[in-house]
Amino acid sequence: MSNDLKLYNSLSREKEVFTPITPGHVGLYVCGPTVYSDVHLGNVRTFTSFDIIYRYLLHKGYQVRYVRNITDVGHLRDNGEDRMGKQARLEKLEPMEVAQKYTVGFHEMMRLFNNHPPSIEPRASGHIIEQITMVEEILKNGYAYESNGSVYFDVEAFNAKNDGLYGKLSGRKIDELLAESRDLNAQADKKNPTDFAIWMKATDDHILRWPSPWGEGFPGWHLECSAMSTKYLGEEFDIHGGGNDLKFPHHENEIAQNAGSCSDGCQNAGAHYWLHTNMLLMNGRKMSKSDGNTITPQQLFTGDSAHVTDSYGPMMLRFFMLQTHYRSPMDLTDDALQAAKKGYARLMEAWANLQNLEGEGGAQNGTVGKELTAGLVAAYAEMDDDFNTPKALAKVFELVSRINALKGGQLSLQEVSKVALEDFRSGLATLLFDVFGLQDGGPDLIGMGAGDEALSKVMDLVLDLRDQARTDKNWGMSDKLRDGLKEAGVVVKDGKDGTEWSMG
RNA sequence: GGUUGGGUGGCCGAGUGGCUAGGCUCAGGUCUGCAAAACCUGCUACGGCGGUUCGAAUCCGCUCCCAACCUCCA
């Protein structure tokens, strides 16, 4: 295993060489969804980004424990209402039915996008005891106080003893936060407005509630991630990821809770590397239901939306995501999707073309063979540089030209040894399918005729007839067949080794 | 107002001091009966204004614009 993987650590704001705590092993924690509604496309982007990161770590030979939680309690709305509880009321369901319903939908969407399931997918509601224990530890360390049945994290006390750790991730200065909001004196139970609840007293009408040393209540949002990452990955672990909208307050609070609950107040508690994915925009603006600037994954699949002119399958969308670096904002526009759809088709076609190539060079590999090998090495090297999928893909597309030129005869297969071609084929397969997680003939092609035996036979017959017409120089008949097929959605391509056809 | 991250060619989107990705589109060419596809070639851009430097898209300052989070939020 080479050790030259670099990743951008949000904590230091620099690219760092990745050094795991235990050689050969990686503990990876990613904040999962709150399951109170259908999965948002932005979530899909975030989890797909981390899926590629997970896949690449596996590819590097690491044994990875990938923990991604399901939040089904504690995440409140602006007015203090539990998100799960509210949705349960609206749908007339038990809160846990709501959680189940949207968890199933979430898993289905992850499967369509070919995301690996995590190693462990713990639920917040299944870890109440661990969360209560963590609250007790934070209290014991003097970084929290009980107030009227709730327990609050004491940010000022924590920062006094921990070298201003709180605020480091998000770049916030705690003094400024205090100065700005001190005179607002809104929340009576808190000592300071910057303090946040780690255990909350349940009001009479609050459904999700558990007994605790402080009375009936429920854990604060933020706490579940600290408790579950500690339980499954340890007090210190390697990588923590999430969308950058979670940086503050969620991740900042997580860090404080991890450090604040650590038995000897260790500064290094929690994750060593923090990775944040950027947001998904549509037409340059944030996706927002209220102003109609939104689209669901389903609408993209079917094309049933005023925002798009075409349908876009999950694999093509995955390719689209690969073209943008995970730390850059991704702008979803119909033009960009159209370009990506064509690019993806070109890539997959080149892959298919590669299957039919045979190296003709001897033991000695020629220039083209060396280019193939070098290009692939370069593509993998880009992945080592903070998972730079757009650049890796750029290298792959340079190879696409080589593959097509070998097929078309512009380059000679004499220039490629059999061994080099075999290695290239398997190396490219690993990159495209294992690391990028694309699927050849995946869900995008369903219903498009691929693998349809009857159609295939009909096409053989039609092309045979057309071939005869061409031999007879009966161009009228030949073109009539071609035009007719095109109208039916079948494109005919005359190559030097016979005629091929494809849908669309 | 604060914090963080952005503004790159017709459209996307990498790149972080000189070697100037890639995809899509467009133009020319090769191939083809004609097309399509494929291949080759071309299109030299970095929001604005200053500054540092032999040299800046890349560093510094100011400014404009966009986004997320925060400022009220249990």
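Quick caveat, the model's predicted, so the values are computed rather than measured. Values reported hereafter were calculated over all heavy atoms of this structure, with side chains retained and with hydrogens, waters and symmetry mates removed. Numbers restart at 1 for each chain; the letters A, B, ... are given by sequence-line order, proteins then strands.
What separates CG of A:Asp479 from C1' of B:G33 is a distance of 9 Å, to the nearest Å. Here the P atom of nucleotide B:U4 and the CG atom of A:Asn9 are 16 Å apart, to the nearest Å. In this structure, the CD1 atom of A:Ile403 is 16 Å from the C1' atom of B:A37, given to the nearest Å. Atom CZ of A:Arg482 and atom C1' of B:A37 are 11 Å apart (whole Å).
The C1' atoms of B:A57 and B:G18 are separated by 13 Å, rounded to the nearest whole Å. Distance noted for atom C1' between B:G10 and B:C54: 35 Å (whole Å). The P atoms of B:C62 and B:G55 are separated by 23 Å, rounded to the nearest whole Å. Remark: the separation of the C1' atoms in B:G61 and B:C19 is 29 Å, to the nearest Å. Here the separation of B:C24 from B:C65, taken at their P atoms, is 36 Å to the nearest Å. Rounded to whole Å, the C1' atom of B:C11 lies 7 Å from the corresponding atom of B:U25. With both ends at atom C1', the span from B:U58 to B:G47 equals 15 Å, rounded to whole Å. With both ends at atom P, the span from B:U8 to B:C46 equals 10 Å, rounded to whole Å.
Stacking between A:Phe397 and B:G23 is absent: the aromatic ring centre is not both under 5.5 angstrom from the base six-membered ring centre and within 30 degrees in plane angle.
Across all strands shown, the partner of B:A38 is B:U30, judged by Watson-Crick or G-U wobble contacts whose two distances both fall under 3.5 Å.
Distance from the side chain of A:Asn388 is smallest to B:A14 among B:C24, B:A14, B:G33. Nearest nucleotide to the A:Ser478 side chain, out of B:G33, B:A14, B:G23: B:G33.
No salt bridge links A:Asp195 with A:Lys190; every basic N to acidic carboxylate O contact stays at or beyond 4.0 Å. Of the charged side-chain nitrogens involved, none lies within less than 4.0 Å of a carboxylate oxygen, so that A:Glu252 and A:Arg172 do not count as a salt-bridged pair.
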Atom pairs, protein N/O to nucleotides 27-32 of chain B N/O, distance under 3.5 Å:
none

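Scanning for side chain to side chain donor-acceptor pair (under 3.5 Å) contacts around A:Lys341 gives A:Asp310, with sequence neighbours left out.
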